[in-house]
Amino acid sequence: THLRSDSWQPMYDAFAYETAFHENALYSTIFFKRGIKFQYPPMSLLLLLPLRSLPPDQIFSILNGVSWGMIWASALLLAQIALKSVRLYAGRSLPFWEKFALHLLAIAFTLTFYPVMRSFQLGQIQTWIYFLFVVALCAWLRGWKAAAGVCVGLIALMKPQLGVLMLWGALRKQWRFAVSAAVTAAIPTAISAWVFGLKNHIGYFSVLSFIAQRGESYYPNHSINGLLNRWLGNGANTEWNFQGFAPYHPAVYWGTMLSSLLLIGAALLPRVKRRFGSDASFLRVEALDMGIMALSVTMASPVCWEHHYTVMLPLFALALPAALSLRSRAWIAVTAAFIFSSNFWLLANRLAPTRWNFL
């Protein structure tokens, strides 16, 4: 069931305005004047070009249908990530019946992982981003670095923040990955600039700056920005504002900037290879390193809704065999993280109107 077209409606409104007026003032009109929370780059509107002759409801139905197919496909790929992780970190292959059981578990975990299903329920483009990230991680584990880069390049067209993975790849000298991601992102961006105008692409930076200075106080914003806004009572905590953001607060802004720099900076540092033994292949460290980078960039965003944490599900499939291979209690931390992040804890919302809301 879809509550609303959380991504599709703002995208359609922006696309309809741009195609009707052909103005280079897309964001100043749609975002700043009308208060429509179209927070995606102009390149994302290329998705609607093949559907422009259809009525909105039919467009939304098609996009949500694709999202549902992506969820099922991602469940099968999730099992492949887990199987590859077992081979990498445990050094063995599973028999047929265990593989079959793992595929069933992967489907069950996907359909019960709250961020994934919340993303689908809202009609969110995050479902597409999640699918592409699962494909990228699966491709990486198979050594298909260029294919993984293509997926990350496509993700950057919808969520530029995750384009930082290109920088990560360049710093790791993973040139096939970094170059393929950059080329994949560059070509549609050039097409988008020709179709929607270069000024609209430049204008998108004003939206990013505006959001970075304010963020959201509403409780599903699970970022440092959201925690600081709520803790300081800055903005509406328990009610969704369809058109507004939290007021500017210098402590929130600088706290967000500092935490973002620390999260991304720490993730860009090289991983320690010896954790998995001197004879371990570099691929073991690479895979976890890529996951840490993707999650860190997600957390560093000023607005990080609960459905943005869909990226965690494939990371759990990767991390559990790695944690078990360490022969320590690391698996307990991974399990606890899964329990807390895969569910919606309604009881905790009793603390929302209090100073303890960060809990």
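Note that the coordinates shown come from a computational prediction; the quantities given were computed from them, not determined experimentally.
Side-chain contact check for L315 versus L288: every heavy-atom pair is 4.5 Å or farther apart. Inter-residue side-chain proximity for F38 and D13 is flagged as unmet; no heavy-atom pair is nearer than 4.5 Å. Contact annotation: the side chain of T298 approaches that of C304 to within less than 4.5 Å [non-hydrogen atoms, C-beta and beyond]. Looking at heavy atoms from C-beta onward, F196 lies out of side-chain contact with L26 at the 4.5 angstrom threshold. At a threshold of 4.5 Å between non-hydrogen side-chain atoms, the residues W345 and I339 count as touching. Contact check for V303 versus I211: side-chain heavy atoms found under the 4.5 Å cut-off. Counting heavy atoms from C-beta on, the side chains of I36 and Y17 never come closer than 4.5 Å. Considering only heavy atoms from C-beta on, V207 stays 4.5 Å or farther from F210 through its side chain.
Remark: side-chain polar atoms of S192 are not paired, donor with acceptor, to backbone N or O of P188 under 3.5 angstrom. One N or O on the side chain of Y204 and one on the backbone of Q39 form a donor-acceptor pair closer than 3.5 Å. A donor-acceptor distance shorter than 3.5 angstrom exists from the side chain of S180 to the backbone of A146, with no hydrogens or angles considered. Looking at N357, its side chain does come within 3.5 Å of a backbone N or O of T354 through a donor-acceptor pair. With hydrogens and angles ignored, the 3.5 Å screen pairs a side-chain donor or acceptor of S74 with a backbone N or O of I71. The backbone N or O of S206 sits nowhere less than 3.5 Å from a side-chain atom of S209 that would complete a donor-acceptor pair. No side-chain donor-acceptor contact under 3.5 Å links D289 to the backbone of L269.
Residue A136 comes nearest to M290 through the heavy atom pair CB-CE, 4.2 Å, listed as atom of the first residue, atom of the second, then distance. Contact between A139 and A147 at its shortest, heavy atoms only, is CB-CB, 4.1 Å. Closest approach of K37 to Q243, counting heavy atoms only: CE-C, 3.9 Å. Among all heavy-atom pairs drawn from G255 and I224, the shortest one is O-CG2, 4.2 Å. Nearest heavy-atom pair, S342 versus P115, reported as atom, atom and distance to 0.1 Å: CA-CD, 4.5 Å. Contact detail for A352 and N237: the closest heavy-atom pair is O-ND2, 2.6 Å.
A search for side-chain contact (heavy atoms from CB on, under 4.5 Å) contacts involving S119 returns Q124, Q126, T127, H307, T310, not counting sequence neighbours. The side-chain contact (heavy atoms from CB on, under 4.5 Å) test applied to I155 returns I129, L132, F133, L162, not counting sequence neighbours. Applying the side-chain contact (heavy atoms from CB on, under 4.5 Å) criterion to S341, with sequence neighbours excluded, gives F113, M312, F316. In this structure, the side-chain contact (heavy atoms from CB on, under 4.5 Å) partners of H103, at least two apart in sequence or on a different chain, are L76, A79, Q80, L83.
Note that the CE atom of M299 and the CD1 atom of I264 stand 11.0 Å from one another [nearest 0.5 Å]. Atom CG of L268 is separated from atom CG of L165 by 9.5 Å, given to the nearest 0.5 angstrom. How far CG of N234 is from OH of Y253: 15.0 Å, rounded to the nearest 0.5 Å. Atom CZ of F131 is separated from atom OG of S67 by 11.0 Å, given to the nearest 0.5 angstrom. A distance of 13.5 Å separates OG1 of T110 from CZ of F120, quoted to the nearest 0.5 Å. Between the CD1 atom in I30 and the CG atom in N200 there is a gap of 10.5 Å [rounded to 0.5 Å].
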With side chain to side chain donor-acceptor pair (under 3.5 Å) as the test, would you mind laying out the steps for E216 and N225 before giving the verdict? CA-CA 7 Å; E216 296 269 12; N225 176 280; over 6 Å; no
Given F358 and R230, is the side chain to side chain contact (heavy atoms under 4.5 Å, CB included) satisfied, shown in steps? CA-CA 7 Å; F358 61 89; R230 291 190 289 274; over 6 Å; no
Apply side chain to side chain contact (heavy atoms under 4.5 Å, CB included) to I332 and R329, showing your working. CA-CA 6 Å; I332 298 176; R329 296 182 178 179; 3.9 Å; yes
Can you list the steps and then say if H249 with R214 is a side chain to side chain contact (heavy atoms under 4.5 Å, CB included)? CA-CA 7 Å; H249 193 296; R214 292 162 178 80; over 6 Å; no
Start with the C-alpha distance between L141 and L318, add both sets of side-chain angles, then the distance that settles side chain to side chain contact (heavy atoms under 4.5 Å, CB included), and finish with yes or no. CA-CA 10 Å; L141 288 169; L318 177 67; 4.0 Å; yes
Carefully, step by step, assess S7 and Y40 under the rule side chain to side chain donor-acceptor pair (under 3.5 Å). CA-CA 9 Å; S7 288; Y40 308 111; 2.6 Å; yes
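A distance of 6.0 Å or more separates the ring centres of Y27 and F32. Proximity of the aromatic rings of W68 and W128 is defined here by a centroid distance below 6.0 angstrom, and this criterion is not met. Annotation: Y309 is not in aromatic contact with F340 [ring centroid separation under 6.0 Å not met].
Hydrophobic clustering, with ILVMFWY side chains joined whenever heavy atoms are under 4.5 angstrom apart, groups I191 together with M158. One hydrophobic cluster, built from ILVMFWY side chains closer than 4.5 Å, cannot hold both L263 and M257; they sit in different ones. Cluster annotation: L295 is connected to V134 through the hydrophobic network of ILVMFWY side chains, with a link wherever side-chain heavy atoms come within less than 4.5 Å. L77 and V86 fall into different hydrophobic clusters, where Ile, Leu, Val, Met, Phe, Trp and Tyr side chains are chained together by heavy-atom contacts under 4.5 Å. F242 and F31 fall within the same hydrophobic cluster, defined by Ile, Leu, Val, Met, Phe, Trp and Tyr side-chain heavy atoms under 4.5 Å apart, directly or through other members.
Judged by distance alone, the side chains of E306 and Y114 do bring a donor and an acceptor atom under 3.5 Å apart. In summary, the side chains of H201 and T189 do not present any donor paired with an acceptor at a separation below 3.5 Å, with no hydrogens or angles considered.
The aromatic rings of F60 and Y12 lie perpendicular to each other, with more than 60° between the two planes, well past the 30° mark. Between W305 and Y218, the ring planes are perpendicular. Angles over 60° get that label, and only those under 30° would be called parallel. Taking the six-membered ring where tryptophan is involved, the planes of Y219 and F344 are tilted, since the angle between them lies from 30° to 60°. In this pair, W168 and F177 present their aromatic rings perpendicular. The plane angle is above 60°, beyond the 30 to 60° band.
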With a 3.5 Å cut-off and sequence neighbours excluded, list the donor-acceptor pairs that the side chains of residues 42-55 form with protein atoms.
unit_1 : atom_1 : unit_2 : atom_2 : d
S44    : OG     : P41    : O      : 2.7
R52    : NH1    : L49    : O      : 2.5

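Residues L104 make up the rest of the hydrophobic cluster containing F100, defined by ILVMFWY side-chain heavy atoms closer than 4.5 Å, directly or through other members.
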